[in-house]
There are 2 protein chains.
Amino acid sequence: MESKLAVVALGALAHETRLQIFRLLVRAGSAGLSVGKIAEALAIEANGRLTFHLKELVVAGLASSRQEGRFVFYSTDYVAMNELLRYLTEDCCGGLGCQDIVESCDAEHCA
Amino acid sequence: MESKLAVVALGALAHETRLQIFRLLVRAGSAGLSVGKIAEALAIEANGRLTFHLKELVVAGLASSRQEGRFVFYSTDYVAMNELLRYLTEDCCGGLGCQDIVESCDAEHCA
DNA sequence: GAAACAATTTAACGATTATTGAAATATGGA
DNA sequence: TCCATATTTCAATAATCGTTAAATTGTTTC
């Protein structure tokens with residue numbers, strides 16, 4: 001993972017609402033959730049601001065969206081998530097027994 | 001981990017220089033590195049900006065500092081790091097086989 | 001023990017970027 | 001067409017960034 005990508009991803013997560021959205025999507029699995037369901041789960045309005053935050057997560061590569069009828073579903077990109085976690089802990093303690101931290105939660109595993 | 005703590009920690013990491021500092025400290029282990037060494041390793045100046053970034057990491061709980069002679073050493077708080085990673089991936093996919101992602105890299109393990 | 005030096009911190013400034021709310025605009029389904 | 005869902009636009013507000021310069025802390029030397 002490149003440094004700038006990680007910065008963008010971390011910046012996307014460094015926001016109260018977006019962090020809750022992300023954690024919600026992580027729990028939701030690959031199926032994802034519609035914008036309305038996300039708003040309902042977090043007790044916020046499904047307005048322009050929510051769209052803005054969702055887009056930030058997508059631009060950061062942490063989530064993706066797909067349209068189904070008149071609903072738009074958002075879901076976590078588990079591969080990107082794991083790349084980010086691995087980037088943060090890369091070569092931990094000089095590589096003395098601290099590698100391979102993140103080995104689950106990839107797309108296929110969580111499908 | 002509380003939500004606001006995570007936001008602060010992520011915000012601290014969401015910066016090119018601070019992210020590199022953090023990754024450098026993660027590699028360095030519990031012994032840590034002096035401000036001068038950090039500046040040298042990242043090829044940046046040991047000026048006010050660097051101090052500001054280091055402080056951000058400390059305030060965010062991701063690093064700690066100790067004075068040794070006229071040098072100040074900064075080191076990763078591995079417990080906080082793991083709490084953050086765990087918070088991000090908590091109950092991944094509804095808890096279906098995606099838990100216990102981060103189990104190494106804690107303070108004692110990496111000492 | 002005081003002056004000189006190195007390492008680190010604090011403070012001030014303008015410039016850039018992120019966040020918000022409100023209103024208008026698509027898009028799909030009954 | 002009409003309604004529900006979701007997105008876009010835009011201007012105002014707020015937060016963050018980097019540079020520079022001055023101040024502080026600890027060490028050494030005379």
Side-chain angles (χ1 to χ4, degrees), chain A residues 3-25 28 31-76, chain B residues 3-25 28 31-76:
Chain A
S3 170
K4 288 192 178 180
L5 283 177
V7 169
V8 172
L10 290 164
L13 293 173
H15 185 280
E16 183 72 32
T17 301
R18 288 196 297 266
L19 180 57
Q20 295 313 319
I21 294 172
F22 178 79
R23 279 161 42 85
L24 182 65
L25 293 179
L33 293 171
S34 69
V35 176
K37 286 292 179 188
I38 293 170
E40 185 185 342
L42 301 182
I44 59 180
E45 280 189 68
N47 56 15
R49 190 165 60 254
L50 177 53
T51 297
F52 168 75
H53 289 314
L54 287 168
K55 197 169 197 176
E56 289 273 299
L57 289 174
V58 172
V59 168
L62 292 169
S64 58
S65 67
R66 70 177 194 282
Q67 184 126 14
E68 263 183 40
R70 59 178 156 164
F71 299 93
V72 177
F73 284 77
Y74 284 83
S75 54
T76 304
Chain B
S3 170
K4 289 192 177 180
L5 282 178
V7 169
V8 171
L10 290 164
L13 293 173
H15 184 279
E16 183 71 33
T17 302
R18 288 196 295 267
L19 181 57
Q20 295 314 318
I21 294 172
F22 178 77
R23 279 162 42 84
L24 182 65
L25 293 180
L33 293 170
S34 69
V35 176
K37 286 292 179 187
I38 293 170
E40 185 186 342
L42 301 181
I44 59 180
E45 279 190 68
N47 58 12
R49 202 66 212 153
L50 177 54
T51 296
F52 169 76
H53 289 316
L54 288 169
K55 199 168 196 175
E56 289 271 299
L57 290 174
V58 172
V59 168
L62 292 169
S64 58
S65 66
R66 68 176 195 282
Q67 184 125 14
E68 264 184 38
R70 58 178 158 167
F71 298 95
V72 177
F73 284 77
Y74 284 83
S75 54
T76 304

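Computed from heavy atoms alone, side chains included, the values below leave out hydrogens, waters and symmetry copies. Note that the structure is a prediction, hence the values are computed from the model and not measured. Each chain gets a letter, A, B and so on, in the order its sequence line appears, and its residues count up from 1.
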**Report entry** Expected output: side-chain B/Gln67 to main-chain B/Gly69 donor-acceptor under 3.5 Å
**Finding:**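 Looks like yes, one N/O pair under 3.5 Å.
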
Query raised in the report: Between A/Gln67 and A/His53, which has a closest nucleotide on DNA chain C that is more 5'?
Result: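 The residue whose closest nucleotide sits nearer the 5' end is A/His53.
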
Rounded distance (Å) that lies between atom [atom2] of [N] and atom [atom1] of [X]:
| X | N | atom1 | atom2 | answer |
| --- | --- | --- | --- | --- |
| B/Lys55 | C/dA11 | NZ | C1' | 11 Å |
| B/Ile44 | C/dT8 | CD1 | C1' | 14 Å |
| B/Glu45 | C/dT8 | CD | C1' | 14 Å |
| B/Leu54 | C/dA7 | CG | P | 15 Å |
| A/Phe71 | C/dG28 | CZ | P | 13 Å |
| A/Leu10 | C/dA18 | CG | C1' | 16 Å |
| A/Asn47 | C/dA24 | CG | P | 16 Å |

Query raised in the report: Just wondering, do B/Phe52 and B/Arg18 contact through their side chains at under 4.5 Å, heavy atoms?
Result: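 Yes, their side chains come closer than 4.5 Å.
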
Query raised in the report: Considering only heavy atoms from C-beta outward, does the side chain of B/Ile21 approach that of B/Leu50 to under 4.5 Å?
Result: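 Result yes, sub-4.5 Å side-chain heavy-atom pair found.
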
Requested in this report: Please tell me which of the listed nucleotides, C/dA7, C/dT19, C/dT8, lies nearest to the side chain of A/Glu56?
Outcome: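 Looking only at side-chain atoms, A/Glu56 lies closest to C/dT19.
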
Query raised in the report: When all nucleic acid strands are considered with a 4.0 Å heavy-atom cut-off, which category describes A/Gly48: base, sugar-phosphate, or nothing?
Result: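 It contacts base atoms.
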
Query raised in the report: Hey, does B/Phe73 reach any base, or is it just sugar-phosphate, or nothing, if we go heavy atoms under 4.0 Å?
Result: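 It contacts nothing in the nucleic acid.
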
Requested in this report: At the 4.0 Å heavy-atom cut-off to chain B, mark where contacts on DNA chain D begin and end, going 5' to 3'.
Outcome: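 Here the contact window of chain B covers D/dC17 to D/dT27.
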
Report task. Tell me which residues in residues 32-41 of chain A put a heavy atom below 4.0 Å from DNA chain C, sorted by number, or none. Result ->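 Within this stretch, nothing sits under 4.0 Å of the strand.
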
Query raised in the report: When B/Gln20 is tested against each of B/Leu42, B/Ile38, B/Leu25 for side chain to side chain contact (heavy atoms under 4.5 Å, CB included), which residue passes?
Result: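 Going through B/Leu42, B/Ile38, B/Leu25 one by one, the side chain to side chain contact (heavy atoms under 4.5 Å, CB included) with B/Gln20 is satisfied by B/Leu42 alone.
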
Query raised in the report: Which is it for A/Val35 and A/Phe71 under the side-chain contact (heavy atoms from CB on, under 4.5 Å) test, yes or no, and what are the steps along the way?
Result: CA-CA 7 Å; A/Val35 176; A/Phe71 299 93; over 6 Å; no

Query raised in the report: Looking at residues 14-22 of chain B, who's got a heavy atom less than 4.0 Å off DNA chain D?
Result: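 Going residue by residue through residues 14-22 of chain B, the ones with a heavy atom under 4.0 Å of DNA chain D turn out to be B/His15, B/Arg18.
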
